[in-house]
Novice: 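Below is the structure I would like to discuss, written out as structure tokens.
FYI, side chains are in, hydrogens and waters are out, and symmetry mates aren't considered; it's all heavy atoms of this structure. Computed from a predicted model, the values in this text were never measured in an experiment. In the text below, chain A, chain B and the rest are named by the order of the sequence lines, each starting its count at 1.
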Number of protein chains: 2
Amino acid sequence: MATREGPRPGGRSARVQASVHKAVQTLLATHERTEVTVPLIAAEAGVTPSTIYRRWGDLQELLADVAVERLRPDMVPVDTGSFGSDLMAWAEQYAEEMSSGPGREMIRDVLAAQDGSGAYQCCNFTRQQIETIAERAEERGEFFPDVETVMDGVVAPIMYRILFGGAPDAAHVERLVRASLAAKPAP
Amino acid sequence: MATREGPRPGGRSARVQASVHKAVQTLLATHERTEVTVPLIAAEAGVTPSTIYRRWGDLQELLADVAVERLRPDMVPVDTGSFGSDLMAWAEQYAEEMSSGPGREMIRDVLAAQDGSGAYQCCNFTRQQIETIAERAEERGEFFPDVETVMDGVVAPIMYRILFGGAPDAAHVERLVRASLAAKPAP
DNA sequence: AGCATAAAAGCAAATTATTTGCTTTTAGCG
DNA sequence: CGCTAAAAGCAAATAATTTGCTTTTATGCT
């Protein structure tokens, strides 16, 4: 009896996943959201709809899966010399990317899925970025606020406003960053 | 030519809306989420599916519409004598309600809808609750932080953690409230 | 009050999406 | 080099959604 655990890289399973993901991205870029259906994605990817339904369950799970991949950071936060300016630069870029049309749609897709693991992953992507900035600060011997303080003080307000109200402006982001820098080192 | 603007209270339109909303709530309480379909809601409400599709567009918009109604606060925040304890009591209840299974589902429904107005409304419900607490503080002659400071410092972190990670615990909420109370009166 | 009108609901056929049972392909294993 | 289990294809069956047309109904006007 041959027992396996997960799909191996390069196998058929991985190829289907790749072509479906690519098809979704292509279609999202060229069509209205409501026009992007499972049968359309299947045709674009060269697979049958039942393959998609069996692997992902429904359109929302697939969209969430694709969105998580696209939200994965592809760069290390820039090193500007200090925790404060690193965080400021990162937060400005984060706010801008997430406020954009595509950014908002990806967040929506992730949150709309039944499976909450995508949202958790995205949160961790962000946390890791901040941890990177924090580790550099530590190496420099700087004082810097706790990562969770930054999540609460900078990330959460940016995301809350993108999701529930108008996008935060640059001045607002700046204020959030400054306030979290002022947090006491050890509460 | 008879010209009208919107549906009048008590008209047929309002009755259909009421029975559909009620049907959705009944079904959400008794069925798995994926089992709640437009045809099922229509049958429960005693209307035809096409009525629902024409009025709401799709299931998600309808669920969002119902969720917004359910998220509308039905009580004024309790008056405990000071801004700090009012806010603490309110935040604890808010975190608990929103972290619950039904609370999380309602938020998800609101955010998943294409029409972003539901999220905006929910944000305003919350803002109004905090404004009520702030107005009472003003009448007492207390100092208190700006409402937007509370939105950023208390509401946003609670909501962010509910949406993206584990629900915040009571100690965390308490810390958030204390921190926002310490904010300087005029930045 | 009674008629005219526009908005909304019902109905049913057409279309589209989803599910499912069964067959075929494929990658990895001995 | 065949065996096996997982995944994909195929196609029929089911379910959801859309749509054109008819009917109902609340309201404004005379």
Novice: What's the CG-P distance between L59(A) and dA16(D), to the nearest Å?
Specialist: 17 Å
Novice: Identify whether the distance between the nearest side-chain nitrogen and carboxylate oxygen of R72(A) and E69(A) falls below 4.0 Å.
Specialist: yes
Novice: For R127(A), is there an ion pair with E131(A) - N to carboxylate O distance below 4.0 angstrom?
Specialist: no
Novice: Does the distance from a Lys or Arg side-chain N to an Asp or Glu carboxylate O, for D79(A) and R140(A), drop under 4.0 Å?
Specialist: yes
Novice: Mind calculating the distance between CD (E61(B)) and P (dT18(D)) to the nearest angstrom?
Specialist: 12 Å
Novice: Salt bridge between D109(A) and R70(A), side-chain N to carboxylate O under 4.0 Å?
Specialist: no
Novice: In whole angstroms, how far is the P atom of dA8(C) from the CZ atom of R15(B)?
Specialist: 14 Å
Novice: Can you tell me how far C1' of dA17(C) sits from CD1 of I41(A), to the nearest Å?
Specialist: 12 Å
Novice: Could I get a table of every N or O pair under 3.5 Å where one atom is in the protein and the other is in nucleotides 9-12 of chain C?
Specialist:
unit_1	atom_1	unit_2	atom_2	d
dA9(C)	OP1	R55(B)	NH1	2.8
dA9(C)	O4'	R12(B)	NH1	3.1
dG10(C)	OP2	T48(B)	N	3.1
dG10(C)	OP2	T48(B)	OG1	3.0
dG10(C)	OP2	T51(B)	OG1	2.6
dG10(C)	O6	R54(B)	NH2	2.9
dC11(C)	N4	S50(B)	OG	3.1

Novice: Calculate the interatomic distance between D58(A) atom CG and dT16(C) atom C1'; express it in whole Å.
Specialist: 16 Å
Novice: Give the rounded distance in Å between these two atoms: CH2 of W56(A) and C1' of dA17(C).
Specialist: 18 Å
Novice: With a 4.5 Å limit on heavy-atom distance, are the side chains of D65(A) and H21(A) in contact?
Specialist: yes
Novice: Salt bridge or not between R161(B) and E148(A)? Use side-chain N to carboxylate O under 4.0 Å.
Specialist: yes
